[in-house]
Amino acid sequence: MLAEHKLQLLQQLTNGASKEELSWINQYISQQLVPNGNAATQKPALNKVTIAYGTETGNAKRVATDFAARAKKNGINAKLVSLDQYRLTDLPKEEYFLTVISTQGEGEPPEAAKKFYDHIHNNGFKLEKLKYSVLALGDTSYPLYCKTGEDVDLQLQRLGGSRIVDIQKCDVEFDEDANQWFEKVLKKLSDNGSAVSTAPAIAPAEKKPA
C-alpha cells in the first residue's frame, strides 16, 4: 500500500495521461524500479565492441581512436587495439568487431596488419557469432583501391561472420565518409536504436596516404 503523499503523486501523474503514456509508465516501472524485473522485457546490454586498426601512416589509428571515444560516450564498451597487438586467438570469441584498415602499395595490408590478414586467410576456423564491419582507407590514384579492406570484409564473411553494416571505402579525403559509416554502426549497436549526433567528430588533419 502506498503512503498517502505517494498515492497523490501517482494520481497527479496518471490523471489525464493517454493510453500510450500509461503503457510507457507501466513498462518503465516494471523494468527500472522492480528489482530483478522480468528479464524477458529487458533489452540485452551490449557487452563489448573491439575496434581494431591497421595503419601505415597513422590515419587509421586516428580514426579508430576517435570512434572508440565516441562509442564510449554512447554507452558502448569499446576496446581499441592495433592489429599488430591483437591476440588472434581472441577472434573466434568476438561478438562485435570493427576494423579500420588501410591499403598499401599494390593492394597490400599495412605492415602492422599482415599477421592478422594472413591469419584470417590461411586458417580454417569459423566465426559464426561474429558481427563485424570494415572501414577501408585508400587512395583512388592507385589501381587496387582499398583492396585490403575489401579482402578482410569478404574473408570475415566467408568464415561465418555477419556484417553490422556494409564496408565503407574511403579516399584520402575520408572524414565525412568515415563519420557516416560510424553513425550507421552506432545506430545498429545502440540498444534502443535511437539516432546519435551527426556532427563531424573526426578532427580535420593534413591528409596523407592511409
Side-chain angles (χ1 to χ4, degrees), residues 49-68 70-71 78-189 202 205 207-210:
V49 174
T50 296
I51 303 178
Y53 61 87
T55 189
E56 195 76 26
T57 65
N59 281 341
K61 179 180 180 180
R62 179 171 69 87
V63 172
T65 301
D66 177 83
F67 288 164
R70 292 167 62 190
K79 173 187 175 183
L80 178 68
V81 62
S82 172
L83 283 172
D84 63 344
Q85 299 294 321
Y86 181 72
R87 291 190 302 182
L88 299 176
T89 53
D90 285 347
L91 190 57
K93 307 172 189 176
E94 299 280 8
E95 186 172 3
Y96 296 97
F97 186 80
L98 307 180
T99 308
V100 182
I101 192 166
S102 61
T103 296
Q104 306 303 312
E106 299 301 316
E108 300 171 353
E111 183 65 32
K114 283 184 177 179
K115 186 189 298 184
F116 173 84
Y117 183 91
D118 292 343
H119 178 72
I120 63 173
H121 283 86
N122 298 330
N123 292 274
F125 53 86
K126 291 295 183 181
L127 302 173
E128 295 175 348
K129 74 174 186 176
L130 184 73
K131 301 174 184 65
Y132 74 94
S133 190
V134 176
L135 181 73
L137 303 185
D139 186 337
T140 51
S141 65
Y142 289 84
L144 297 176
Y145 169 61
C146 288
K147 184 178 186 301
T148 296
E150 290 178 334
D151 290 347
V152 170
D153 176 70
L154 182 59
Q155 188 61 19
L156 291 179
Q157 184 189 46
R158 285 173 174 168
L159 293 173
S162 58
R163 293 183 182 93
I164 300 170
V165 299
D166 290 340
I167 182 175
Q168 174 66 59
K169 295 187 288 185
C170 300
D171 201 356
V172 290
E173 299 287 340
F174 55 77
D175 287 345
E176 182 176 352
D177 286 339
N179 278 318
Q180 290 178 356
W181 172 83
F182 195 58
E183 293 296 336
K184 293 177 183 177
V185 171
L186 279 179
K187 289 176 185 178
K188 289 285 188 178
L189 297 182
I202 298 177
K207 299 301 186 295
K208 51 189 177 179

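We're numbering straight along the sequence, starting at 1. Predicted model, so just to flag it, every value in this text is computed and none were measured.
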Do [X] side-chain atoms and [Y] backbone N/O form a donor-acceptor pair below 3.5 Å?
| X | Y | answer |
| --- | --- | --- |
| T140 | D171 | no |
| Y96 | I164 | no |
| S102 | T55 | no |

Please find the pair of heavy atoms, one from [X] and one from [Y], that lie closest to each other, and give the distance.
| X | Y | answer |
| --- | --- | --- |
| G54 | A60 | O-CB, 3.5 Å |
| P92 | L88 | CD-O, 3.8 Å |
| A68 | A78 | O-CB, 3.9 Å |
| G138 | C146 | N-SG, 3.7 Å |
| A64 | V100 | CB-CG2, 4.1 Å |

Strictly by salt bridge (charged side-chain N to carboxylate O under 4.0 Å, His left out), give each pair with a member in [range] just once, sequence neighbours left out.
| range | result |
| --- | --- |
| residues 121-132 | E95-K131 |
| residues 109-125 | E111-K114 |
| residues 141-159 | K147-D151, E150-K169, D153-R163 |

### Task
Kindly determine whether L83 and Y117 satisfy side-chain contact (heavy atoms from CB on, under 4.5 Å), including the steps that lead there.
CA-CA 9 Å; L83 283 172; Y117 183 91; over 6 Å; no
How many angstroms lie between atom [atom1] of [X] and atom [atom2] of [Y], to the nearest 0.5 angstrom?
| X | Y | atom1 | atom2 | value |
| --- | --- | --- | --- | --- |
| F97 | S133 | CZ | OG | 11.5 Å |
| E108 | T103 | CD | OG1 | 10.0 Å |
| K187 | L189 | NZ | CG | 12.5 Å |
| T99 | L156 | OG1 | CG | 6.0 Å |
| H121 | L159 | NE2 | CG | 8.5 Å |
| L137 | Q104 | CG | CD | 9.5 Å |

### Message
Does Q168 form a side-chain contact (heavy atoms from CB on, under 4.5 Å) with V185? I'd like the steps, not just the answer.
### Response
CA-CA 11 Å; Q168 174 66 59; V185 171; over 6 Å; no
### Query
Considering residues, nucleotides and ligands other than K184, do more than 12 of their heavy atoms fall under 6.0 Å from its NZ?
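Atom NZ in K184 is not packed in, count stays at 12 or less.
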With a 4.5 Å cut-off on side-chain heavy atoms, are [Y] and [X] touching?
| X | Y | answer |
| --- | --- | --- |
| V152 | F116 | yes |
| Y86 | H119 | no |
| D177 | W181 | no |
| L127 | I120 | no |

#### Entry: Matching residue for L135 among Y53, F174, F182, F67 - test: side chain to side chain contact (heavy atoms under 4.5 Å, CB included)
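When side chain to side chain contact (heavy atoms under 4.5 Å, CB included) is applied between L135 and each of Y53, F174, F182, F67, only F67 qualifies.
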